[in-house]
Amino acid sequence: MLGGRARSRVVRLPTSLFASARRTPAITVAVLLAVGLLSGCGASSAALHSVTPAGSVVTVSGTKCGAGLQHPAPGPQTWQIHNVWSGAVEVSLVGPNNGAIYARLENIGPGTTQPMQVDLGSGAYAFECSGINYADRVGGTFQVPGHVRGGVGIVPVSYTTMITVAGESRAYVMSGLKTEAQQTATLAEQIKSGDLSAARGTWLAAHLTWEKLGSAYGMFGSYDDEIDGFPFGLPGGAANPGFAGFYRLEYGLWHGQPAGQLTGPANELELDARSLITAYPGMALPPPQALGDLALRTHEVLENAMRFQISGQADFGSGTTLATAAAGIDATRAQLKILQPLLVTRDRDLPELYSWLDRLQSLINAEHNNRGWTPASHLSVTQREEIDAAAGQTLELLSAIPVIFEAERLIP
C-alpha cells in the first residue's frame, strides 16, 4: 500500500511461553479461535529437547483422548501424539480446573504422529480432543508431582470480559479522535490565516494525539494512510501530489512552503479527522477479534515507533520523531492498562515488561528540554545504542502478548 506503514513481523517470541507459534492478525473469529492457535506451545527453554523416552507416546482413539502416558515428570519434554482414529483431531494439554491451554496440536491426521513440546510444571493436567465427527472430550486427569514451576498456561477469556475490553478500547480511541478533530481544525485555521509559527506547535500537538491512539495494522482502514501515511514508494516521494496528512504538513511547515500551498492539505486533514469520528463506530470488530487486535497492537505500535521514529526515518523536517516515539509509549501503556486485568494472571513477565518500558521512556524523555526535542539524527552512538537496547528488550517482552490472546478459546 503506497504511502502507508509496512506491516512488520513480531520479533522472536520469548520461549518462556511457547516453543513455536504462528502470528496471525485478528481477521476472523475462526482464525482467532481455531486456525490461529498454537502448535506445541508451552516450552520455556530454547534448549527444549525432542527426545522420546519410554512412555512418552500418547494415543488418541475413537474412545479415549490421551492414553498411554506413563510416569509424567516435571520439566521440558516432547510427547509423541499418535492418532489411531479414522479422522483428524486437535489435541490440547489443558488444566482441568481452569481450562488453561499449555500446548495444542492441530489437524493430526489418522494414523499419524506429531510431537507435542511442553515444559511441564507440577500440578494437574488432562488431554482434550476435538474434531469433525469426533465428540469433544477431555481425558482423565493426571498429576505431575513436586513443586516445579513449568510453562505458563493460557487461561481462556469469557465473552463478557471480551465485550468489556473491546468497549474500553473503543471509548479510549473515540475520546482521542474527538480531541484530534479539534486540534486539526485549529491547525487548518492557523495555516489559512498565515500564522505558520503557531501552526508548527499545533501540528506537533495534533500529531502526538494521533500517535497516542495506538493505530497499527490498519486499525482505521484507509484513514491511516490519508491521515498519517508516508511518501515512501510514491513517485517523487514528498513532492508527489498524493502525499497527504500529517507528514505532508510537516514537510511543508519545516521546508518554508507558504500558507497558500499548505491550506489545501490542512483542510483535507481536518476533513479526514472529522470523517473518521463518524466512520470509526462502523469499524468495530466482534469482541474476540477486538481483543486479539488490541493485543497485537500492544506490540505493533512500539515496533513501528522503533522502525520509523527512533530511527529518524519518519523525520520530514520537524526533528520530533522522538516525541512521536514517546507518544507511542503512551499508547502502549494505555493498551496495557486496558488488558491489565487479563495479563496479571497470564503473563508472568509483566513486571519485567513495565521495568523495561519505564527505562525506554526515561531514555526518550531525556532528549526533551526547554529548547525542544533532540532530532534522532543528533543522538550520539551511546545514546542510540541505549535506546535501541531498551526498545528491543521491551519489544521482546511485548511480543508474548499477541500470542497469549491468539490462543484464547471462547467460553459461552
Side-chain angles (χ1 to χ4, degrees), residues 13-21 37-60 64-82 89-106 108 113-130 136-158 340-353 355 396-397 399-401 403-409 411:
L13 292 176
T15 52
S16 60
L17 283 177
F18 304 102
S20 63
L37 297 174
L38 306 177
S39 175
C41 58
S44 69
S45 171
L48 187 65
H49 301 295
S50 296
V51 295
T52 311
S56 68
V57 176
V58 178
T59 301
V60 176
K64 291 186 177 180
C65 174
L69 183 64
Q70 300 176 19
H71 312 298
Q77 55 202 280
T78 299
W79 296 331
Q80 302 298 326
I81 311 299
H82 180 54
V89 293
E90 177 180 279
V91 180
S92 303
L93 180 69
V94 301
N97 297 324
N98 59 4
I101 304 168
Y102 290 89
R104 173 166 289 175
L105 295 176
E106 300 174 356
I108 307 175
T113 302
Q114 288 188 26
M116 175 181 282
Q117 295 180 324
V118 293
D119 182 3
L120 209 59
S122 301
Y125 300 89
F127 289 102
E128 184 177 81
C129 303
S130 63
D136 292 359
R137 67 193 66 175
V138 178
T141 299
F142 62 91
Q143 194 78 26
V144 177
H147 303 281
V148 179
R149 183 182 183 184
V152 178
I154 306 304
V155 181
V157 178
S158 71
Q340 176 78 10
L342 301 178
L343 289 173
V344 291
T345 57
R346 291 170 173 82
D347 187 355
R348 65 189 182 196
D349 293 329
L350 197 59
E352 185 182 1
L353 166 58
S355 177
E396 178 81 6
L397 293 163
S399 67
I401 294 175
V403 181
I404 288 173
F405 293 104
E406 277 183 8
E408 299 299 351
R409 294 175 302 170
I411 300 177

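- Contact record, Gln143 with Ala124: OE1-CB, 3.6 Å, taken as the closest heavy-atom pair.
- Here the OG atom belonging to Ser122 is positioned 12.5 Å from the CZ atom belonging to Arg149, to the nearest 0.5 angstrom.
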For this session: Just do the side chain to side chain contact (heavy atoms under 4.5 Å, CB included) check on Trp79 and Leu93 with the steps written out, would you?
Result: CA-CA 11 Å; Trp79 296 331; Leu93 180 69; 3.8 Å; yes
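- Remark: Gln340 engages Tyr354 in a side-chain hydrogen bond (donor to acceptor under 3.5 Å, both in side chains) (not counting sequence neighbours).
- Residues Val91 and Phe127 meet the side-chain proximity criterion, which asks for heavy atoms closer than 4.5 Å.
- Summarising the geometry of Val58 relative to Gly66, their closest heavy-atom pair is CG1-CA, 3.5 Å, with the distance given to 0.1 Å.
- Here the closest non-hydrogen pair linking Gln117 and Ala103 is O-CB, 4.1 Å.
- In this structure, CG on Asp347 lies 9.5 Å from CD on Glu352, to the nearest 0.5 angstrom.
- Here the straight-line distance linking atom CZ of Phe142 with atom CG of Leu120 works out to 6.0 Å at 0.5 Å rounding.
- By the 4.5 Å heavy-atom criterion applied to side chains, Leu353 and Leu343 are not counted as neighbours.
- Nearest heavy atom pair, residue Gly95 against residue Tyr102, reads N-CE1, 3.7 Å.
- Looking at Thr141, its side chain never comes within 3.5 Å of a backbone N or O of Ala126 through a donor-acceptor pair.
- The shortest heavy-atom contact between Ala67 and Lys64 is CB-CD, 4.3 Å.
- Taking NE2 of His71 as the start and OG of Ser56 as the end, the distance is 12.5 Å to the nearest 0.5 Å.
- Side-chain contact between Phe405 and Leu342 is present, with at least one heavy-atom pair separated by less than 4.5 Å.
- Once rounded to the nearest 0.5 Å, the distance linking CD1 of Ile108 with SG of Cys129 reads 8.0 Å.
- Side-chain atoms of Gln77 come within 3.5 Å of backbone N or O of Gly75 as a donor-acceptor pair.
- Residues Val155 and Thr345 have side chains not in contact (no heavy-atom distance under 4.5 Å, counting atoms from C-beta outward).
- The distance from atom CG of Asp349 to atom OG of Ser355, rounded to the nearest 0.5 Å, is 12.0 Å.
- Considering only heavy atoms from C-beta on, Arg104 stays 4.5 Å or farther from Ile154 through its side chain.
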